[in-house]
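Bear in mind the structure is a predicted one, so any value in this text is a computation, not a measurement.
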Amino acid sequence: MGYNRVMERKIMDIYLLSVLWATLMFGGCLARVVTVSPGPLVRVESQPVSIRCDVTDYMGPREQDFEWMMSREANGQHIKIISTFDASYSHGSLSKRVASGDISVMRLQDNTVELKIAEAKSQDAGFYVCQTPSTDSVISGNYEAQVQLIVIPNTLLVTPQTPPPVVPEGSDVTLSCNVTRELTQSTYLSVTWSIKKGGTSEEILTFGPQGDVVTGAKYARRYADGAIRLVPGKSGLFELVISRMTTSDEGIYECNGTEWTHENGGKWIQIVGSKKEMGTIAVTPTGQSLSVKASSFSSAPSMNLHLTPGDKLMLLCSVAADNLPSLSLEVSWLANGRDIITMERSGVVISNTSASSMQGNHEEASIERIGANEYRLALRQVSTEDGGAYVCRIRAFIEKGGKSSGGGGRWHMAAEKTSSPVMVKVMHIKPSFTLDIETIVHPQMTSEPTELACHVTNITHLPLGSRLGVTWEHIALAGATSEPKAAHSIGSMDAYGNLLPGAIYTDRLKSGMMSLTRVQPDTFKLRILRSQEIDMGQYICAVSAWSINSQGDVLKTAEHHSLPLIVRWEAKRPSLDVVAKRIREASVGGATFEMGCTMMTQNLGEAGYSVLIQSQESLQSNVRTIMTLSPDSVVQHGGATDPNRRDSLVLTKSGPVEFRFRLGGVQLSDRGFYWCDITAWTKQQPGQTWTRATSAESNKVKIDFQENGPSFSIAIHSDTSTVYPWQTAKMKCSLRVSGSSPKTDHLAYEVRWFFTRLRGGQTTTQVASVDRFGVISKAYRNASSDVSIERQDTHSYTLNVHGAHDSDSGEYHCVATPWYLSASTGVWTQAGELTSSRIFLTVRFAVWESLKLPLLYGVTASIGVGLFSLVLGLVCAQCCCRNAAHTPRSRNKLMDLEMD
């Protein structure tokens, strides 16, 4: 047994030595290392944050636990955040965020975890500590690591500029995007352009964050060729230029701005991004906008040319397209369907000799570019064989490569268009003609119209397509102007019918007061709507013939002048007379007065008239203006017109030379004299202001009548002057009308009742009233009685005092104000106030009447109580107070007692 103990002790010693040796060996080679993400970490508010922590060279189980803490300052107090093994580890201020998942820890491996914050807040900035509880037999190395988290506000702003919605094929598009942020930490920006077609988005180009450029797979070659160019700007402006747009470039363009941070270890971290749609771009094919037009090379382009042999033919080819600067054009001229000459897109000119040998002198044709979109064809000394239909053909090419590709790009034909034909005719032109001028309408006085006609006769050798133009001239009579015998151009019509007014007559021609017309191909007319004295004099018409020369210009080939024609009339001054007459007499008030004013004019012609209706109470009083009528038929009321009576005043034009004034509901204030003041006005041309010609006043018409209104009286009476308490007292107020009594509907009264107490002084108070519309008003009464007003008929009103009381005793009277509708004025008129006499009302107090009922009630009650007491006594004596065991005394004993 002792031997066994010795052996066990030796084995234990060996085990302890082995453990000690192993500990020393491993402790000398291994040391726990805890590391976190290199910092400081810069992140943006409301963005997710991930902090990685791992542990190496540790002993114990493979799966390690982690604890996260943080402090606001480097050496500040730690706040527990989250643990991988203790669910209650979190500090109270963070427990809700941990429970909601806003703060969480994710295990990536047995020895690696990641702290996640779903949405960073500004208060999350600080120093984060990752700690691992020890599982080592010997404490060695580090058990925690710290990293700083910096939370900056989200100041990233992406502002794209909207590109054009539609661009022509082959044009350039600039995509401008402004990406900025407030620089509070060392952060960097990048911008990415992409295009979205359907549900797929493709990146075009990315610039940044280190200033490098990365292109999408489909755009690498175009970027290398220079078809896509990056233009960095100032203040965060980035521009991407896409050259030679094609229909494949249609789509929705987007701009994505990203903010980056460069952490220790050389790793770029995207901390926030913002993507904005710039807009949709559609590409219009060149064939839709390309247009070609051929015309004569002259100031007045035409689709038909008339030349003489030996003239020079010049035609113009005009090209228009939305993307013209991006196109390379090949221009060809064709005559009757055959090529004459071609200018290639490189500028080389090629003549088609086979076509020239077959028809005309086309070998002398030349073509040159005279503008950005104009090409001129010239053909010297045309002959009759050179006539025909000429067209211009355009072939448009677009370069597929970019502008910086050195001009060696690939070209493809985008569209081909042919113009409408220009018809060229070559023939001899020798026009000849004569002129006749006559007066169609001759004025007899000023303001009447004048019309002249110029006839072209004996026309010979006028080529087909030639046109005639005319010029009218005027020579004023001596003394009419400061420059007698001077010829002035009224206006002219060119070969295309365009009106070219003379300097002096521009306003009259534009306003229509004068007109030049071509009524027939060989007849021209001059018309003056309102002739003036300065229009007298001599008139001459000059007719010219126009045709197209060899250069394609319209030239004047012949011109002839007519003999002068004299136009004159006798100038007369206008005159105006006005006569007023009474049409309707107003003999009584309320009637209608009507007056007519007739004019007699001389030498006025067409004119407008203004009318003033004026009046006077007497011939010595001031003149008042009642109404006015302007030449434009605008009616206005004068200052003497009552605004309430404007509907009763009417002023109209009843005929070409007659005006009528009507005054309805004549009143006494309307008496006096009335007349018309009329002024004639003229206009030289429409749109100008009126010019006063002459004026005149009519004779005066008088309104005179008398009117007496109705008279009123008032009386008050009552059936009885004495009432008892609680009875109703009635007092009737009657009115009477005399004189010119109006109708019942034209009469109304305003009645008020007044009361003077018997006791309490002479104070008079209003009891009640009724206005002329029937509205009753009662005054406040400090009594038990009530009052009412009853209208019995048009002229009678009754005051009722209900439940009369002693305080109602006193004097009563009524006051009435009559209103009547005046027949002369047509308005309600208030007559004088009427006051009735007074009547006395007595409320008596009857003693017997007031006591008989109380006495009757008392006697009845006394008799009833006595009878009831007697009956009650008898009942008690018979039933309640009787003793059955009582033995009556002996009368003998009683007698004995009495004897004693």
Side-chain angles (χ1 to χ4, degrees), residues 33-55 66-84 89-98 100-106 108 112-132 142-158 178-192 208-212 235-236 256-275:
V33 178
V34 178
T35 58
V36 294
S37 301
L41 306 178
V42 180
R43 297 295 184 267
V44 179
E45 282 185 304
S46 74
Q47 298 297 313
V49 176
S50 297
I51 306 176
R52 185 167 179 155
C53 178
D54 57 10
V55 57
F66 297 81
E67 294 174 341
W68 287 91
M69 299 178 292
M70 67 90 66
S71 61
R72 306 298 183 191
E73 300 176 355
N75 298 320
Q77 183 179 1
H78 285 174
I79 300 173
K80 295 180 179 181
I81 302 175
I82 195 169
S83 172
T84 60
Y89 179 79
S90 303
H91 188 267
S93 61
L94 301 175
S95 59
K96 290 184 178 180
R97 296 180 65 184
V98 173
S100 65
D102 186 30
I103 299 177
S104 62
V105 61
M106 176 181 290
L108 303 179
T112 305
V113 296
E114 194 174 55
L115 175 66
K116 289 182 172 293
I117 302 176
E119 293 184 2
K121 299 178 174 55
S122 59
Q123 60 266 29
D124 292 335
F127 296 84
Y128 285 75
V129 178
C130 175
Q131 185 178 26
T132 60
N142 66 308
Y143 289 81
E144 64 181 25
Q146 177 177 282
V147 64
Q148 182 182 4
L149 174 63
I150 301 173
V151 181
I152 62 176
N154 187 358
T155 60
L156 179 65
L157 183 62
V158 178
N178 194 283
V179 182
T180 59
R181 91 308 192 181
E182 294 181 6
L183 187 61
T184 58
Q185 296 292 329
S186 296
T187 59
Y188 304 84
L189 294 177
S190 70
V191 58
T192 300
Q210 287 184 289
D212 54 334
S235 303
N256 184 11
T258 308
E259 190 172 3
W260 301 77
T261 180
H262 191 229
E263 297 181 353
N264 293 334
K267 185 178 181 181
W268 287 93
I269 301 298
Q270 176 182 340
I271 57 177
V272 68
S274 176
K275 179 181 285 187

Evaluate the criterion side chain to side chain contact (heavy atoms under 4.5 Å, CB included) for residue pair Tyr143 and Glu67; output intermediate values, then yes/no.
CA-CA 10 Å; Tyr143 289 81; Glu67 294 174 341; over 6 Å; no
Measure from the side-chain N and O atoms of Thr84 to the backbone N and O of Phe66, and report whether any donor-acceptor pair falls under 3.5 Å.
yes
Tell me, yes or no, whether the heavy-atom count around Glu182 atom CD, taken from other residues, nucleotides or ligands under 6.0 Å, exceeds 12.
no
So how far is it from Ile152 CD1 to Glu259 CD, rounded to the nearest 0.5 Å?
4.5 Å
Looking at side-chain heavy atoms only, is the closest gap between Thr187 and Val44 below 4.5 Å?
no
Rounded to the nearest 0.5 angstrom, the SG-CD distance for Cys53 and Glu144 is 10.0 Å
Results of side chain to side chain donor-acceptor pair (under 3.5 Å) for His91 - residues two or more places apart only
Ser93
With side chains defined as the heavy atoms from C-beta onward, is the minimum distance between Gln185 and Ile150 less than 4.5 Å?
yes
Can you tell me how far apart CD (Glu45) and CD (Glu119) are? Round to the nearest 0.5 Å.
11.0 Å
Evaluation steps, side chain to side chain contact (heavy atoms under 4.5 Å, CB included), between Gln47 and Ile271
CA-CA 7 Å; Gln47 298 297 313; Ile271 57 177; over 6 Å; no
Contact between Ile117 and Arg97 at the side-chain level, heavy atoms closer than 4.5 Å - yes or no?
yes
Gap separating the CG atom of Leu183 from the OG1 atom of Thr155, nearest 0.5 angstrom:
8.5 Å
Is any side-chain heavy atom of Met70 closer than 4.5 Å to a side-chain heavy atom of Leu115?
no
Working to the nearest 0.5 angstrom, can you tell me the gap between Ile51 CD1 and Lys116 NZ?
11.0 Å
Val272 and Thr258, any side-chain heavy atoms less than 4.5 Å apart:
no
Work out which heavy atom in Gln146 is nearest to a heavy atom in Ala74; give both atom names and the distance.
OE1-O, 4.0 Å
Polar side-chain atom of Arg52 near backbone of Leu108 as donor-acceptor pair, under 3.5 Å:
no
Pair Trp68, Val113 - check side chain to side chain contact (heavy atoms under 4.5 Å, CB included), show working.
CA-CA 10 Å; Trp68 287 91; Val113 296; 4.0 Å; yes
Nearest non-hydrogen partners of Asp124 and Val151, listed with the distance:
C-CG2, 4.2 Å
Under the side chain to side chain contact (heavy atoms under 4.5 Å, CB included) criterion, do Thr261 and Arg43 qualify, and how do the steps go?
CA-CA 8 Å; Thr261 180; Arg43 297 295 184 267; 4.0 Å; yes
Near Gln123 CD, under 6.0 Å, is it more than 12 heavy atoms from other residues, nucleotides or ligands?
yes
For Ala125 and Arg72, work out which heavy atoms get closest and say how close.
O-NH1, 4.0 Å
Is there a side-chain contact between Ile79 and Gln77 (heavy atoms, below 4.5 Å)?
no
Taking C-beta and beyond as the side chain, do Leu41 and Val49 meet within less than 4.5 Å on heavy atoms?
no
Has Lys121 got more than 12 heavy atoms of other residues, nucleotides or ligands less than 6.0 Å from its NZ?
yes
Taking the side chain as everything from C-beta on, heavy atoms only, tell me whether Ile81 gets closer than 4.5 Å to Tyr128.
yes
Work out which heavy atom in Ser274 is nearest to a heavy atom in Leu156; give both atom names and the distance.
N-CD2, 3.9 Å
Test of understanding: with side chain to side chain donor-acceptor pair (under 3.5 Å), list the residues that count as partners of Asn178, not counting sequence neighbours.
none
Counterpart residues, ring pair (Phe, Tyr, Trp, His ring centres under 6.0 Å), relative to Tyr188 (two or more places apart)
Trp268
Note: His78 and Ser71 closest approach over all heavy atoms is CD2-CB, 3.6 Å
Quick check: closest heavy atoms across Val34 and Cys130, and the distance to 0.1 Å?
CG1-O, 3.9 Å
